[in-house]
Amino acid sequence: MPLPDGFQWGVATAAYQIEGAVAEDGRGPSTWDVFAHTPGRVRDGQTGDVACDHYHRWPEDVALMAGLGVDAYRFSVAWPRVQPTGTGPANAAGLDFYDRLVDGLLERGISPAATLYHWDLPQPLEDAGGWMNRDTAHRFAEYAGLVAERLGDRVDTWITLNEPVVVMAYGYAFGIYAPGRALMLDALPTAHHQLLGHGLAVAALRGHGADRIGITNHYSPAIPADDDSAEAAGAFDALMNRLFTDPVLTGAYPDLGGLPTDFVQTGDLDVIAAPVDFLGVNYYQPTWLAKPAADSPLPFDMVDAPGDLPVTGMGWPIVPEQFLGLLRGLRDRYGTALPPIVVTENGASFADEPGPDGTVDDADRIAFLDGHIRAMRTAIEEGIDVRGYFAWSLLDNFEWAEGYEPRFGLVHVDYPTQRRTPKRSYAWYRDLIAASRA
Ligand code: FCB
């Protein structure tokens, strides 16, 4: 069955993971700069100071995208380049970088898909409470307007937030990502304030004529580890999946088991439920859940996947059927309220290194992508409206608290020399894209 008209194949990246140049052209510090420079937070003390040096090497990277034949490129705009302190007028030099990038993409016929927030909050906003502070939502909408004012005439697709669940859970609840706060369930307001920021940003973007706006959520299907764990799996699904989708698509929060929601003010849910043009779906792996211990601060316990499943280089279980299940589940749960889906991230890390002849033979990544793209195509055949697929990632890059060890790229990066080597998966993806158009 052919793909729907206008289906986009793409690749995705994020600013802090690839750009480097953290102090150039007036960029201010983000929570990730501060976190990565705090001893013990990131593996081997690694930081995004240089990363893939994409800030300077972007023409080479755009040429790599052109070689793949992608329709679209999902990148993120670094808020601290645009507003170094998180408020105030735009820093023109910071926006100039994205201006050049967008023009470079368009010259190659690649459609720009800009994510406004991929976790790099300006540190001064964090110092004022970060996403625990409702005002951050208003700051985010102001920033969104500044970016749209400059790039709105050329950016085709806007994504407000990337994976707000990870910011809430890893950043504010468990303390393993920036800003490193361990508030457990008291982190809940960060979900609401991000969603409010999303809704306010949608309005700001519409004000600049944007007509293709979405939010990207991270989905991890919840699997009960045993007969006793259905309730724990349901609690995980509510807090980690539905919490970020129900309000946007249905204007209501899921049942949160009696957790306080006094931070929700009258009218907020109307703002959050402003129509979006697509739902961005990131999928990597399901999660197995068990009943928590009596003294656990959480209503679930995340446990190991069954030992017989294949895993990626980071130990993430490889289960493409769960990706299909996720797409079906979204259709079943949201019905006519579900906008078209765009798969904004999917991919795998493996310990790829060039062989003696210089090539990187990443057969395991090809198998991963093949399995998941097949699952997506089955969903499309079943009538689920999927309009795009973005592989994570174009390049090996800074994988947050895991530093540079995991390699997710279709292109290998030798960090000491910054040499880019397309892996075998790059040629495979290029051929798949070409074949899907034939
Ligand atoms: C996602 C993130 C992305 C990348 C992949 C592996 O959760 O959005 O930045 O780190 O995981």
Side-chain angles (χ1 to χ4, degrees), residues 10-20 30-33 35-36 41-43 46-48 51-52 54 73-79 113-121 159-174 176-178 194 198 214-221 240-241 244-245 279-287 302 311-319 322-323 326 342-352 362 364-365 368-369 372 388-411 413 425:
V11 283
T13 64
Y16 190 70
Q17 296 181 273
I18 64 166
E19 286 179 0
S30 75
T31 50
W32 267 98
D33 296 275
F35 187 79
R41 292 305 211 170
V42 175
R43 180 193 287 266
Q46 290 167 337
T47 73
C52 307
H54 172 78
Y73 171 46
R74 175 176 178 237
F75 60 97
S76 82
V77 177
W79 187 347
T115 303
L116 287 165
Y117 181 65
H118 202 125
W119 307 352
D120 42 4
L121 190 73
I159 294 163
T160 54
L161 306 175
N162 178 70
E163 300 187 347
V165 65
V166 173
V167 173
M168 175 190 78
Y170 286 30
Y172 288 87
F174 308 151
I176 53 180
Y177 279 11
Q194 288 184 85
H198 155 80
I215 182 172
T216 279
N217 279 321
H218 177 276
Y219 293 96
S220 187
M240 306 291 274
N241 295 319
F244 297 89
T245 315
L279 176 66
V281 169
N282 290 359
Y283 171 79
Y284 290 93
Q285 55 170 333
T287 304
M302 294 178 270
V311 294
T312 71
M314 286 171 88
W316 296 0
I318 302 174
V319 202
Q322 287 292 335
F323 182 36
L326 160 65
V342 175
V343 179
T344 40
E345 285 180 31
N346 177 236
S349 77
F350 291 103
D352 316 303
D362 56 342
D364 33 21
R365 177 170 296 96
F368 181 99
L369 294 173
H372 288 76
Y389 177 94
F390 290 72
W392 183 272
S393 179
L394 173 69
L395 303 170
D396 291 341
N397 61 48
F398 177 78
E399 177 49 30
W400 310 113
E402 296 301 323
Y404 294 96
E405 191 178 277
R407 292 184 175 273
F408 274 91
L410 301 172
V411 176
V413 177
S425 58

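Each ligand, and each atom within it, is numbered from 1 in the order the structure gives. Computed from a predicted model, the values in this text were never measured in an experiment.
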Geometric class of the W400/Y177 ring pair [parallel <30°, tilted 30-60°, perpendicular >60°]: tilted

Residue among F398, F35, F75, W119 satisfying ring pair (Phe, Tyr, Trp, His ring centres under 6.0 Å) with Y16: F398

Counterpart residues, side-chain hydrogen bond (donor to acceptor under 3.5 Å, both in side chains), relative to D364 (two or more places apart): none

Qualifying residues under side-chain hydrogen bond (donor to acceptor under 3.5 Å, both in side chains), relative to H118, sequence neighbours excluded: N162

T216 and N282: CA distance, side-chain angles, deciding distance, side chain to side chain donor-acceptor pair (under 3.5 Å) verdict: CA-CA 7 Å; T216 279; N282 290 359; 4.6 Å; no

Set of side-chain hydrogen bond (donor to acceptor under 3.5 Å, both in side chains) partners for T31, sequence neighbours left out: none

With the criterion set at N/O pairs under 3.5 Å, what does the list of contacts between the protein and ligand 1 look like, atom names and distances included?
from, atom 1, to, atom 2, distance (Å)
ligand 1, 7 (O), E163, OE1, 2.5
ligand 1, 7 (O), E163, OE2, 3.0
ligand 1, 8 (O), H118, NE2, 3.3
ligand 1, 8 (O), N162, ND2, 3.0
ligand 1, 8 (O), E163, OE1, 3.2
ligand 1, 8 (O), E163, OE2, 3.4
ligand 1, 8 (O), E345, OE1, 3.1
ligand 1, 8 (O), E345, OE2, 3.0
ligand 1, 9 (O), Q17, OE1, 2.7
ligand 1, 9 (O), H118, NE2, 2.8
ligand 1, 9 (O), W400, NE1, 3.1
ligand 1, 10 (O), Q17, NE2, 3.3
ligand 1, 10 (O), E399, OE1, 2.6
ligand 1, 10 (O), E399, OE2, 3.3
ligand 1, 10 (O), W400, NE1, 2.9

